[in-house]
Amino acid sequence: MDLEIFWFCLIVVFWSGYFLLEGFDFGVGMLLPFVPRTERERGAMFQSIGPVWDGNEVWLVVAGAAIFAAFPAWYATMFSGFYLALLLLLFFLIVRVVSFEWREKGDSPRWRALWLWVNAIGSTGIALVWGIGLANLIHGVPLDSNGDYGGNLVDLFHPYTVFAGLAFVLLFAFHGANYLALRTSGELLDRVLVAARWLAIPAMLAGTAFLVWTVVVAVDRNDKDVFPVVLPAALGIAALALAALLAFTGRYALAFTMTAVGTVAAVATLFTGLYPRVMVSSPDFGNSLDVAGAASAHYTLAVMTVVALIAMPVILLYQAWTYYVFRARITGEEVEPPDALAPPTSGPAAG
Amino acid sequence: MRVMAFTGVLMFLIAAVGAFLLWKQRLEKARWFLWAAIVGIAFPYIAATAGWILTEMGRQPWIVQGLLKTEDAHSPSVGTAWIAVSLGMFVGLYLVLGILDFVLMRRYARPDRPPTAEQLPTPAVTY
């Protein structure tokens, strides 16, 4: 197999991993204003993703870096063409990160509500922008013969791309509810299960419509045949239907597995529909960027392959270890820290 | 370069004086030194920033020495206005976050601060 095809596939794996993992912590963020009722429950929801969200974000960094190194022409066109969209995305990413750190640094209800909403809006915004951004790769953006983006921010909004953003939001909210069902307990768990049932049907319908629409766009606008693209789309539709069914019957571990499969299938459908191009040009289809034209030199790709083969198992191992360490259900109860970590309970030195 | 070297030497001197005072067991009592150490918090940042400014300015007009000029390296699809907008966003955002950070650190540094929920035994969560 050619190395550039290998790297295209690897980048799809990175995007899939990113949305599979970070998708549920975006979902938890979106549900923050609606599901918990007490301060303790809000804390429990933050804690359910607290130790893992930044590890999940590593996948985005890797996906971006892999595009930069393996397909510099793709990176150059996408990151300068989507300049304002990515600026907005960075804004959401930055304020969301801060919300995790600062919410517990103050006691006033207003302070805590502020950072809860910052997290919720950031999570929703990131999912929306990514949905719109990635859908534009296949829907087509105005490129000139030099591969330079000739549009502006408004050119990224089409019915298909905006719908893709909304589908991402609903899918991740449902994915996040299923994750919370695995990680919470007590009254919070009861309300999480209600939320999962509320989200199941809308997420399934939006996901299905997005997958069907993606196949149509791939055929109409990217000169693809129905056949290979329809396979991941069908897998995704089946997984989402099963996820909804399982959520209603309370089998949330399987429901979470199915939303994970659905998320990966959605990414796979997008990129299968995109291949062999990496960015479709519209209206001048001939200016589209393709895998061969955007790729780095063979030597660069060979070096990257060696690095990736060494680094990937390490990343997978430490992330799996993180999830293993924090596998217990979150009760929201107060936990006695180990003696070595206990803050001084008396004396003037406290604080 | 000179700024980076000066602040680097100053940091080293502060550390050396601190080590000497620690050895003499006078570290906690030497108020003048503790003040100097607080001023010293800024030095690593000044040194790093000065170093960056030096490398970025020193290699002009190249962005990759000998290969690519800065004037050829910018994105044609990103105009000056959008660069101003993005720079403004980052400056504004980090200004707000920096001020909030300062307020929080000040609050936490006060010796008479009442214990917050975080100091009480809550789940030991570290991110």
Side-chain angles (χ1 to χ4, degrees), chain A residues 39-40 43-44 46-47 49-55 76-77 79-84 86-88 90-91 94-95 97-98 100-102 104-107 111-112 141-144 146-153 326 330-338 341-345 348-351, chain B residues 27-29 34 38 62-65 67-127:
Chain A
E39 188 54 31
R40 178 171 287 187
F46 267 96
Q47 283 159 20
I49 51 174
V52 295
W53 67 267
D54 48 357
T77 302
F79 279 67
S80 50
F82 295 175
Y83 192 79
L84 284 183
L86 293 180
L87 182 71
L88 192 66
L90 270 178
F91 176 83
I94 292 169
V95 295
V97 169
V98 174
F100 282 106
E101 300 291 339
W102 282 1
E104 296 197 10
K105 297 282 185 288
D107 299 322
W111 174 266
R112 297 207 160 195
V141 289
L143 301 182
D144 65 17
N146 203 22
D148 286 323
Y149 182 76
N152 53 42
L153 189 64
F326 293 101
I330 288 154
T331 59
E333 296 295 316
E334 289 178 0
V335 177
E336 287 292 331
L341 295 174
T345 48
Chain B
L27 187 60
E28 295 89 350
K29 291 177 196 126
L34 296 178
I38 287 176
W62 300 99
I63 199 156
V64 181
Q65 185 75 41
L67 287 176
L68 185 62
K69 288 212 166 150
T70 308
E71 61 187 15
D72 302 324
H74 72 277
S75 302
S77 54
V78 180
T80 320
W82 293 130
I83 292 181
V85 166
S86 57
L87 184 64
M89 188 210 85
F90 281 119
V91 170
L93 180 61
Y94 278 96
L95 203 64
V96 170
L97 295 181
I99 290 169
L100 279 173
D101 211 28
F102 182 78
V103 170
L104 281 174
M105 282 199 280
R106 213 180 112 88
R107 221 161 66 91
Y108 270 70
R110 272 173 53 183
D112 55 339
R113 200 175 64 87
T116 62
E118 230 194 27
Q119 285 173 308
L120 302 171
T122 45
V125 183
T126 46
Y127 304 129

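Keep in mind that what you see is a predicted model, and the values were worked out from it rather than measured. First the proteins, then the strands, lettered A, B, ... as listed; each starts at 1.
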Handout entry: Toward chain A: residues of residues 75-84 of chain B with heavy atoms under 4.5 Å
Key = B:S75, B:P76, B:S77, B:V78, B:W82, B:I83
Problem - Reported CD1-to-CZ distance for the pair A:I94 and B:F90, which is rounded to 0.5 angstrom - result: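 Between A:I94 CD1 and B:F90 CZ, I get 5.0 Å after rounding to 0.5 Å.
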Exercise for the section: Enter the distance from A:W102:CH2 to B:L100:CG here, rounded to the nearest 0.5 Å. Expected result: 4.5 Å
Practice task
Give the minimum heavy-atom separation between A:K105 and B:R107, together with the two atoms involved.
Solution key: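 The answer is O-NH2, 2.8 Å.
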Side chain, backbone, both or neither of [X] within contact of chain B (heavy atoms, under 4.5 Å):
X	answer
A:L87	both
A:F91	both
A:V52	neither

Practice task
Check whether any side-chain heavy atom of B:D101 sits under 4.5 Å from a side-chain heavy atom of A:V98, and report yes or no.
Solution key: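 B:D101 vs A:V98: side chains apart.
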Fill in the blank from the handout: Interface check, chain B: of A:F79, A:Y83, A:Y149, most non-hydrogen pairs under 4.5 Å belong to A:Y83
